[in-house]
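These notes are about the structure you will find just below.
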Amino acid sequence: MKTALITGANKGIGFETAKQLAQLGYFVYLGSRDKTKGLGAINQLKESGISNVEWIAIDVTDINSINQAKQELETKIEALDVLINNAGIAGEMPQNIAACEMENLRKVFETNFFGAVQTTQQFISLLKKSTEPRIVNVSSELGSLTTHSNTQNPNYAIYDAYSCSKTALNAFTVLLANEHKNTRFKINAVTPGYTATDLNQFKGLQTAEQAAKVIVKYATLGDDGPTAKFYNSKGEVAW
């Protein structure tokens with residue numbers, strides 16, 4: 001049975017991604033900081049008949065927590081097949097980049113960028129033991145510099161700190177994928193789209209279940225699948 005670790009998986013898109021991967025036969029480790037919420041998510045899945053899931057404590061902003069999670073997984077599995085860096089925060093408002101509070105900007109980057117980087121660095125050794133290692137970094141259209149350069153939509157100027165963190169995550173995705181371009185790794189950034197979650201006060205236009213499908217698609221790529229790319233549900237997104 002293939003294995004997957006998803007950060008920030010106790011709710012929203014992460015939870016639905018875990019559910020769909022488990023339904024495909026993966027053993028899924030739902031990563032979250034809060035034990036009560038994590039176990040609550042596991043119980044919810046088991047009540048729906050999904051048993052191939054387990055909660056694991058992981059705070060992507062805390063290197064000690066990440067190391068503990070890795071050590072725990074190493075006692076349970078020989079290889080990790082899929083890592084989905086899903087944990088993310090929107091940050092406080094306002095975020096206009098000319099006046100954004102540095103504390104707010106650093107907090108957003110700590111989770112959305114540095115959290116994904118250090119989680120990947122710690123788990124890369126387990127991923128290398130897989131015959132088909134896959135990494136999906138959950139990004140956003142707001143991370144696309146092409147989109148920002150061409151859009152006149154004033155809403156794109158609201159989440160400046162968040163946007164910058166996702167642009168950085170996209171850069172990390174490309175660099176990491178190129179570093180592993182001659183290996184079995186498939187590493188991509190995926191934007192699930194504007195989804196109704198607590199990150200946006202449930203104002204999104206689609207459900208978490210719908211949003212998770214594109215993440216699952218790129219987490220389960222075959223050997224002929226792409227790498228070092230940025231995708232949404234309709235296809236490739238311009239960096």
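Not measured: the values here are computed from a predicted model. Just the heavy atoms: all of them, side chains too, but no hydrogens, waters or symmetry mates, feed the values below.
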> Which class fits the ring pair Phe27 and Tyr29: parallel under 30°, tilted 30 to 60°, perpendicular over 60°?
Replying inline: tilted
> Gly31 and Ile58: which non-hydrogen atoms are nearest, and at how many Å?
Replying inline: CA-CG2, 3.5 Å
> Do you know which two heavy atoms are closest between Gln118 and Thr61, and how far apart they sit?
Replying inline: NE2-C, 3.6 Å
> Is Leu142 reachable from Met93 through a run of hydrophobic residues whose side-chain heavy atoms are each under 4.5 Å from the next?
Replying inline: yes
>> Any non-hydrogen side-chain atom of Glu209 less than 4.5 Å from a side-chain atom of Gln20?
In response: yes
>> Would Asn137 and Val190 count as a side-chain contact (heavy atoms from CB on, under 4.5 Å) here? Give the steps.
In response: CA-CA 6 Å; Asn137 291 325; Val190 171; over 6 Å; no
> Can you check whether Thr220 reaches Leu21 side chain to side chain, under 4.5 Å on heavy atoms?
Replying inline: yes
> For the atom pair OG (Ser140) and CG (Leu169), what is the distance rounded to the nearest 0.5 Å?
Replying inline: 10.0 Å
>> side-chain hydrogen bond (donor to acceptor under 3.5 Å, both in side chains) for Thr17 and Asn86? Distances and angles first, verdict last.
In response: CA-CA 9 Å; Thr17 301; Asn86 169 73; 5.7 Å; no
> Is a donor on one side and an acceptor on the other found under 3.5 Å between the side chain of Lys166 and the backbone of Val138?
Replying inline: yes
> Who are the ring pair (Phe, Tyr, Trp, His ring centres under 6.0 Å) partners of Tyr218, not counting sequence neighbours?
Replying inline: Tyr231
>> Can a side-chain donor-acceptor contact be found between Asn96 and Asp160 if the only test is distance below 3.5 angstrom?
In response: no
> Should Phe109 and Cys164 count as side-chain neighbours, where that means a heavy-atom distance under 4.5 Å?
Replying inline: yes
> Which pair of heavy atoms, one from Ile215 and one from Pro192, lies closest together, and at what distance?
Replying inline: CD1-CB, 4.4 Å
>> How about CD on Glu92, more than 12 heavy atoms from neighbouring residues, nucleotides or ligands closer than 6.0 Å, or not?
In response: no
> So, the side chain of Ser48 versus the backbone of Leu45: is there a donor-acceptor pair under 3.5 Å, distance only?
Replying inline: yes
>> With a 4.5 Å cut-off on side-chain heavy-atom distances among I, L, V, M, F, W and Y, is there a chain of contacts connecting Leu30 to Leu24?
In response: yes
> When you look at Glu54 and Lys76, which way does the salt bridge (charged side-chain N to carboxylate O under 4.0 Å, His left out) test go after all the steps?
Replying inline: CA-CA 11 Å; Glu54 185 176 322; Lys76 300 175 182 291; 2.9 Å; yes
>> Is any side-chain heavy atom of Thr147 closer than 4.5 Å to one of Asn150?
In response: no
> With side chains defined as the heavy atoms from C-beta onward, is the minimum distance between Ile124 and His180 less than 4.5 Å?
Replying inline: yes
>> Check whether Asn188 reaches the backbone of Lys229 with its side chain - one donor and one acceptor, N or O, closer than 3.5 Å.
In response: yes
>> Could you walk me through whether Leu80 and Lys129 satisfy the side-chain contact (heavy atoms from CB on, under 4.5 Å) test, starting with their C-alpha distance in whole Å, then the side-chain angles of each, then the deciding distance to 0.1 Å, before giving a yes or no?
In response: CA-CA 7 Å; Leu80 179 63; Lys129 295 178 180 179; over 6 Å; no
> Counting only N and O atoms by type, is there a donor-acceptor contact under 3.5 Å from the side chain of Gln68 to the main-chain atoms of Ala57?
Replying inline: no
> Considering the options Leu176, Thr173, Val60, which one meets the side chain to side chain contact (heavy atoms under 4.5 Å, CB included) requirement together with Thr120?
Replying inline: Leu176
> If we only count heavy atoms from C-beta on, is the Met1 to Tyr26 side-chain gap below 4.5 Å?
Replying inline: no
> Of all heavy-atom pairs between Pro133 and Leu127, which one has the smallest distance, and what is that distance?
Replying inline: CB-O, 3.3 Å
> Phe185 pairs by side chain to side chain contact (heavy atoms under 4.5 Å, CB included) with which of Glu179, Lys128, Glu132?
Replying inline: Lys128
>> I'd like to know if the side chain of Asn52 and the backbone of Ala22 have a donor-acceptor N/O pair within less than 3.5 Å.
In response: yes
> Does a sphere of radius 6.0 Å around CZ in Arg184 hold more than 12 heavy atoms from other residues, nucleotides or ligands, not counting ones at 6.0 Å or beyond?
Replying inline: yes
> Would the number of heavy atoms belonging to other residues, nucleotides or ligands and lying under 6.0 Å from CD of Glu236 be above 12?
Replying inline: yes
> Taking everything shown except Lys70 itself, do over 12 heavy atoms lie less than 6.0 Å from its NZ?
Replying inline: yes
> Where do Val108 and Ser165 come nearest, in terms of heavy atoms and distance?
Replying inline: CG1-OG, 3.6 Å
> Looking at NZ of Lys35 and CG of Leu39, how far apart are the two atoms once the value is rounded to the nearest 0.5 Å?
Replying inline: 6.0 Å
> Salt-bridged, Arg134 to Asp223, with N to O below 4.0 Å?
Replying inline: yes
>> For Thr191 and Asn232, which I'm curious about, is there any donor-acceptor pair between the side chains at under 3.5 Å?
In response: no
>> I'd like to check Lys213 versus Lys217 (side-chain heavy atoms, cut-off strictly below 4.5 Å). Are they in contact?
In response: no
> Any side-chain heavy-atom pair from Ile187 and Val136 closer than 4.5 angstrom?
Replying inline: no
> For Val237, what are the other residues in its hydrophobic cluster, where any two members join if their side-chain heavy atoms are less than 4.5 angstrom apart?
Replying inline: Val174, Phe230, Trp239
>> Using only atom types and a distance under 3.5 Å, with no angle test, would you say the side chain of Asp81 pairs donor to acceptor with the backbone of Thr3?
In response: yes
>> Is it the case that the side chain of Thr7 and the backbone of Ala87 share a donor-acceptor pair, with hydrogens and angles ignored and the cut-off at 3.5 Å?
In response: yes
>> So, taking the atom named OG in Ser139 and the one named CG in Asn170, what distance separates them when rounded to the nearest 0.5 Å?
In response: 3.5 Å
>> Has Thr111 got a side-chain atom pairing as donor or acceptor with Ile89's backbone, closer than 3.5 angstrom?
In response: no
>> I need the Ile42 CD1 to Ser51 OG distance, nearest 0.5 Å.
In response: 10.5 Å
> Which is it for Val28 and Ile6 under the side-chain contact (heavy atoms from CB on, under 4.5 Å) test, yes or no, and what are the steps along the way?
Replying inline: CA-CA 8 Å; Val28 183; Ile6 307 172; 3.8 Å; yes
> What closest approach, in Å, do Gly143 and Thr167 show between heavy atoms, and which atom pair accounts for it?
Replying inline: O-OG1, 2.9 Å
> What distance do Phe114 atom CZ and Thr119 atom OG1 have between them, rounded to the nearest 0.5 Å?
Replying inline: 13.0 Å
> Which is it for Asn104 and Gln95 under the side-chain contact (heavy atoms from CB on, under 4.5 Å) test, yes or no, and what are the steps along the way?
Replying inline: CA-CA 8 Å; Asn104 187 22; Gln95 291 186 8; 3.9 Å; yes
